[in-house]
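Before any comments, here is the structure.
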Amino acid sequence: MAFLGTTTLVILSALFGLGIFLIFAAFAVPSVMGNRVIEEDGGIRIGNIAEAQVLSAMAADMGRAIQREKGDLHGLLRKSGFLYETPEEYYARRIYSSVTYAVLAGVGGYFLDLGYLVTAGLVTGGLLYGFSLPARSIQKAIKRRRERIQDEMGFGLEQLVNLLNTGTSLSDALSQMRDFGLFGKICDTVSSGLQTSKPIDKIVDDVLDSVPAPGQLKEFLGLIKQSQVGGEVQVNAMKTMARMLRQRLSNRIMEIGGQAKVKATLVNTMIIVLASLIIIGVPGLALFLTIGWF
């Protein structure tokens, strides 16, 4: 048993050291390395993170070999706002986070003396959790961007309607929305396409490929497309959509406020209970000690 305990300690110590090394290695890749210029056969090309550091390349290859991400990974990264700059970084983060959480789980199981089987189970759980963490992070980032577009559209569409009502052309009105957050950037992209006589179908496809478009954004782009194929700008439809989106944002704020209120109530209740125990328990314990009950 003593040998088993020593062996376990050595293994966990080695894993801990490896985890610390990989953590530093993961964040040691400068962001500029992803854009460095490499000379090759008389020409130049852009190097990537996998070429900048052997360790990152090995981790990326290992992450890709274990399980290749299904679907269009480039598209997911683009819609998440490039949470990870390249697919290589995404696959490398899989390995880094797997090792990190496995090491933390193993060290925690060892110091809590949970036994070999339980600790091994925790390490396995840490590996699986860390491996899936980058994918979950991307989905959360996509969800946040989609909600942000919806929130900004409520007020952005109202501003756009006001510009159109003053006689401003659709292209100019969209261009003036450029500083209105993520929705403003979408409007500016559409405006730039219209000014360069780019086909409206291509403009819409480029926007939908670059952002996690909620249904309201697709409807908005449909209205713009309709106005470019012989129809008029549907100002009233945009105004109605803006009102509905503002109401949605108001409801969501109230919901978040209600959840925060419940959490605050629980925290206050716990503090009151703890304070009551201290106020009542400490004098009572002192009294019992005085009369010799303990």
Side-chain angles (χ1 to χ4, degrees), residues 31-32 34-35 46 72 74-86 137-257:
S31 58
V32 295
N35 295 322
I46 302 298
D72 182 11
H74 288 277
L76 291 175
L77 293 176
R78 186 166 52 249
K79 291 184 178 182
S80 70
F82 289 100
L83 182 64
Y84 304 106
E85 293 185 1
T86 64
S137 298
I138 286 181
Q139 292 302 324
K140 289 180 180 178
I142 290 176
K143 181 180 179 181
R144 287 194 299 268
R145 296 190 85 209
R146 183 182 295 113
E147 291 179 346
R148 176 184 171 186
I149 292 173
Q150 289 177 314
D151 293 344
E152 292 174 352
M153 282 185 68
F155 297 95
L157 283 176
E158 183 179 21
Q159 179 66 23
L160 181 62
V161 168
N162 292 336
L163 290 172
L164 293 173
N165 286 334
T166 61
T168 306
S169 67
L170 177 61
S171 178
D172 290 340
L174 291 171
S175 177
Q176 294 182 40
M177 296 290 298
R178 68 173 62 91
D179 296 327
F180 212 95
L182 184 55
F183 176 65
K185 293 180 180 179
I186 295 173
C187 291
D188 189 49
T189 299
V190 175
S191 174
S192 299
L194 294 177
Q195 292 176 3
T196 56
S197 301
K198 190 175 183 180
I200 185 62
D201 289 334
K202 178 61 175 175
I203 296 174
V204 171
D205 290 341
D206 289 346
V207 171
L208 295 180
D209 288 341
S210 63
V211 297
Q216 296 87 346
L217 179 60
K218 294 179 181 178
E219 294 177 13
F220 169 68
L221 294 175
L223 294 175
I224 293 178
K225 181 178 179 179
Q226 181 181 350
S227 70
Q228 297 301 304
V229 292
E232 296 181 355
V233 180
Q234 300 295 322
V235 177
N236 290 333
M238 293 183 183
K239 188 175 182 179
T240 301
M241 191 185 304
R243 184 173 63 253
M244 294 176 61
L245 286 169
R246 288 198 303 273
Q247 183 61 45
R248 174 191 174 276
L249 176 60
S250 177
N251 294 338
R252 193 160 70 89
I253 292 176
M254 291 180 63
E255 180 182 355
I256 295 175

When rounded to the nearest 0.5 angstrom, what is the spacing between [atom1] in [X] and [atom2] in [Y]?
X	Y	atom1	atom2	result
Glu158	Lys239	CD	NZ	8.5 Å
Ser80	Arg78	OG	CZ	10.0 Å
Cys187	Leu221	SG	CG	8.5 Å
Ile138	Lys79	CD1	NZ	12.5 Å
Thr189	Leu174	OG1	CG	10.5 Å
Leu83	Ser137	CG	OG	6.0 Å

What I'd like to find out is whether the side chain of Asp151 reaches to under 4.5 Å of the side chain of Arg248, using heavy atoms alone. yes
Show the nearest heavy-atom pair for residues [X] and [Y], with the distance to one decimal.
X	Y	answer
Met241	Leu157	SD-CD1, 3.7 Å
Phe183	Met153	CD1-CG, 3.4 Å
Ser191	Ser175	OG-CB, 3.3 Å
Leu194	Ile203	N-CD1, 3.6 Å
Leu164	Ala173	CD2-CB, 3.9 Å
Leu208	Ala213	CD2-CB, 3.5 Å

Between Arg146 and Pro214, is there a donor-acceptor pair closer than 3.5 Å when you use the side chain of the first and the backbone of the second? no
Apply side-chain hydrogen bond (donor to acceptor under 3.5 Å, both in side chains) to the pair Thr168 and Thr166, showing each step before the final yes or no. CA-CA 6 Å; Thr168 306; Thr166 61; 3.2 Å; yes
For Ser192, which residues count as a side-chain contact (heavy atoms from CB on, under 4.5 Å) partner, sequence neighbours excluded? Asp188
Can you list everything that forms a side chain to side chain donor-acceptor pair (under 3.5 Å) with [X]? Sequence neighbours excluded, please.
X	answer
Thr196	none
Thr240	none
Asn251	Gln247

Pair listing, side-chain hydrogen bond (donor to acceptor under 3.5 Å, both in side chains) test, anchored in residues 208-224, at least two apart: Gln150-Gln216
If you count the non-hydrogen atoms of other residues, nucleotides and ligands that lie under 6.0 Å from NZ in Lys143, is the total more than 12? no
Give the C-alpha distance, both sets of side-chain angles, the deciding distance and a yes or no for side-chain contact (heavy atoms from CB on, under 4.5 Å) between Val211 and Lys185. CA-CA 11 Å; Val211 297; Lys185 293 180 180 179; over 6 Å; no
Can you check side-chain contact (heavy atoms from CB on, under 4.5 Å) on Leu160 and Phe220, steps first, answer last? CA-CA 12 Å; Leu160 181 62; Phe220 169 68; 3.7 Å; yes
Among all residues two or more places apart in sequence or in another chain, which pass the salt bridge (charged side-chain N to carboxylate O under 4.0 Å, His left out) test with Lys140? none
